There are 2 protein chains.
Amino acid sequence: MRIGELARRAGTTTRTLRYYESRGLLAARRGENGYRSYDEEDLRLLRQIKTLQDFGFELEETRPFVECLRSGQPEGDACPASIETYRRKLAELDACLARLQDVRERLRVQLARAERRSHGPAGAAGAPRGGAAAPEPRCELAGPAPAVTEEGARPWT
Amino acid sequence: MRIGELARRAGTTTRTLRYYESRGLLAARRGENGYRSYDEEDLRLLRQIKTLQDFGFELEETRPFVECLRSGQPEGDACPASIETYRRKLAELDACLARLQDVRERLRVQLARAERRSHGPAGAAGAPRGGAAAPEPRCELAGPAPAVTEEGARPWT
DNA sequence: GTAGACCTTGACGCCGACGTCCGGGCAAGC
DNA sequence: GCTTGCCCGGACGTCGGCGTCAAGGTCTAC
């Protein structure tokens with residue numbers, strides 16, 4: 001299959017695929033006309049990458065998994081390097097969670113204090129009021145995957 | 001005081017101060033020679049900004065607090081807009097924590113499965129072994145503040 | 001007068017993971 | 001032949017929060 005189809009099936013873009021190729025992940029064969037050619041294996045590699053990215057892995061960190069798959073393993077995390085990466089990532093996540101929880105608590109306290117102060121004392125200035133449509137959570141983790149569109153039947157469109 | 005001194009006292013750099021000025025936070029008076037001139041109030045503004053940044057606030061999100069202080073309030077979070085920002089941030093943090101915890105759990109499960117598989121079956125390839133010096137936690141929150149250097153007595157140096 | 005420490009503005013660099021645009025080639029249907 | 005749709009590579013843009021360098025002005029001490 002060509003790059004456009006692979007991109008659609010993987011729920012990504014051609015630009016992304018070319019980018020991955022430039023980074024050395026996901027090499028493509030070429031047809032006579034120079035077009036990139038992919039197979040089902042490549043789709044699996046791509047899905048592995050996407051899954052890990054959803055877990056907050058950086059592109060580089062998905063490399064062990066991709067190479068593991070390419071080495072013939074049925075699962076990207078069947079190799080020691082992949083498992084090691086899992087462990088590192090888990091540790092990072094724990095450190096991250098600890099920090100965020102600490103900050104959350106401190107922020108909560110600050111808010112409580114500020115609210116207490118603003119209840120009694122003077123300084124009445126109309127509050128912003130009304131839901132201002134939350135802007136962006138920001139977790140550097142990308143929301144709950146936007147659903148991978150499989151090629152077949154797409155009633156919408 | 002001039003920009004260099006303020007930067008030192010606030011534990012930041014002159015570049016940062018000029019950047020804040022360009023963003024409309026922290027305006028400076030100018031001396032006859034064109035040099036920026038700051039006072040203790042500015043130091044307070046800066047500290048407010050730093051504190052919030054440590055909490056993961058983006059620069060723009062510190063604006064309500066800074067303006068609150070400039071309006072004469074004794075505390076940057078004494079204004080409704082600041083409190084509103086606290087609330088938004090707290091909500092964001094909660095959403096972020098929920099996502100991270102979910103990811104953590106999924107990652108933990110994946111790791112456990114991968115480890116189980118790699119215990120029995122073949123595929124013995126020397127594991128990386130040895131601590132590889134943790135690279136970078138990444139929380140977008142900046143570690144536990146590097147201690148603000150106050151101008152007076154500095155035995156080191 | 002001259003070295004050194006400080007200040008000024010302006011502009012480019014960085015990082016990650018792509019988005020977007022450009023000019024041009026290729027393939028298929030009408 | 002012409003349009004439409006896909007493909008190619010190259011290059012610049014994005015975002016936040018500054019770092020870093022360049023070329024020059026200012027003030028102080030010796």
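These figures come from a predicted structure and were not determined experimentally. In what follows, every chain begins at residue 1, and chains take the letters A, B, ... in the order their sequences are listed. Keep in mind that the numbers below use all heavy atoms, side chains included, and drop hydrogens, waters and symmetry copies.
- For T14(B) and dC7(C), the shortest distance from a side-chain N or O to OP1 or OP2 is not below 4.0 Å.
- Protein atom CZ of R15(B) is 14 Å distant from nucleotide atom P of dG13(C), rounded to whole Å.
- Evaluated for a side chain to side chain donor-acceptor pair (under 3.5 Å) with Q110(A), the options R106(A), R108(A), R113(A) yield exactly one hit, R113(A).
- Counting to the nearest Å, the C1' atom of dG16(D) and the CZ atom of F57(B) are 17 Å from each other.
- As rounded to whole Å, 20 Å separates atom C1' of dG9(D) from atom OH of Y20(A).
- Distance CD (E60(A)) to P (dA17(C)): 8 Å, rounded to an integer number of Å.
- Counting atom types as modelled, Y35(A) pairs a side-chain N or O with a base atom of dG25(C) as donor and acceptor under 3.5 Å.
- Spacing between atom CG of L52(B) and atom C1' of dG17(D) amounts to 16 Å, rounded to whole angstrom units.
- Residue Y19(A) has no polar side-chain atom (N or O) positioned under 4.0 Å from OP1 or OP2 of dG16(C).
- Under the 4.5 Å side-chain criterion, counting only non-hydrogen atoms from C-beta, I83(A) is in contact with S118(B).
- Here N33(B) reaches the OP1 or OP2 of dC27(D): one of its side-chain N or O atoms lies under 4.0 Å away.
- Judged by atom type and distance alone, R36(B) does not reach the base of dT8(C) through any side-chain donor-acceptor pair under 3.5 Å.
- Atom CD in E61(A) sits roughly 11 Å away from atom P in dG16(C) (whole-Å rounding).
- With sequence neighbours excluded, the residues that form a ring pair (Phe, Tyr, Trp, His ring centres under 6.0 Å) with Y86(B) are F65(B).
- Regarding contacts with the backbone of dG16(C), every side-chain N or O of Q53(A) stays at 4.0 angstrom or more from both OP1 and OP2.
- Mapping E32(B) and T12(B) onto DNA chain D by nearest heavy atom places T12(B) at the nucleotide closer to the 5' end.
- Using a 4.5 Å heavy-atom threshold, the side chains of L59(A) and Y19(A) count as touching.
- Across the protein-nucleic acid pair, M1(B) atom CE and dA5(C) atom C1' stand 19 Å apart, rounded to whole Å.
- Across all strands shown, R2(B) has heavy atoms under 4.0 Å from sugar-phosphate atoms exclusively, and none from any base.
- In this structure, L6(A) places its CG atom 15 Å from C1' of dC6(D), rounding to the nearest Å.
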**OP:** Would you check, one step at a time, whether the test salt bridge (charged side-chain N to carboxylate O under 4.0 Å, His left out) holds for E5(A) with R2(A)?
**Re:** CA-CA 6 Å; E5(A) 188 183 342; R2(A) 293 177 306 180; over 6 Å; no
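- Judged by atom type and distance alone, R18(B) does not reach the base of dT8(C) through any side-chain donor-acceptor pair under 3.5 Å.
- Of the candidate nucleotides dG19(D), dT9(C), dC18(C), dG19(D) has the atom nearest to the side chain of T13(B).
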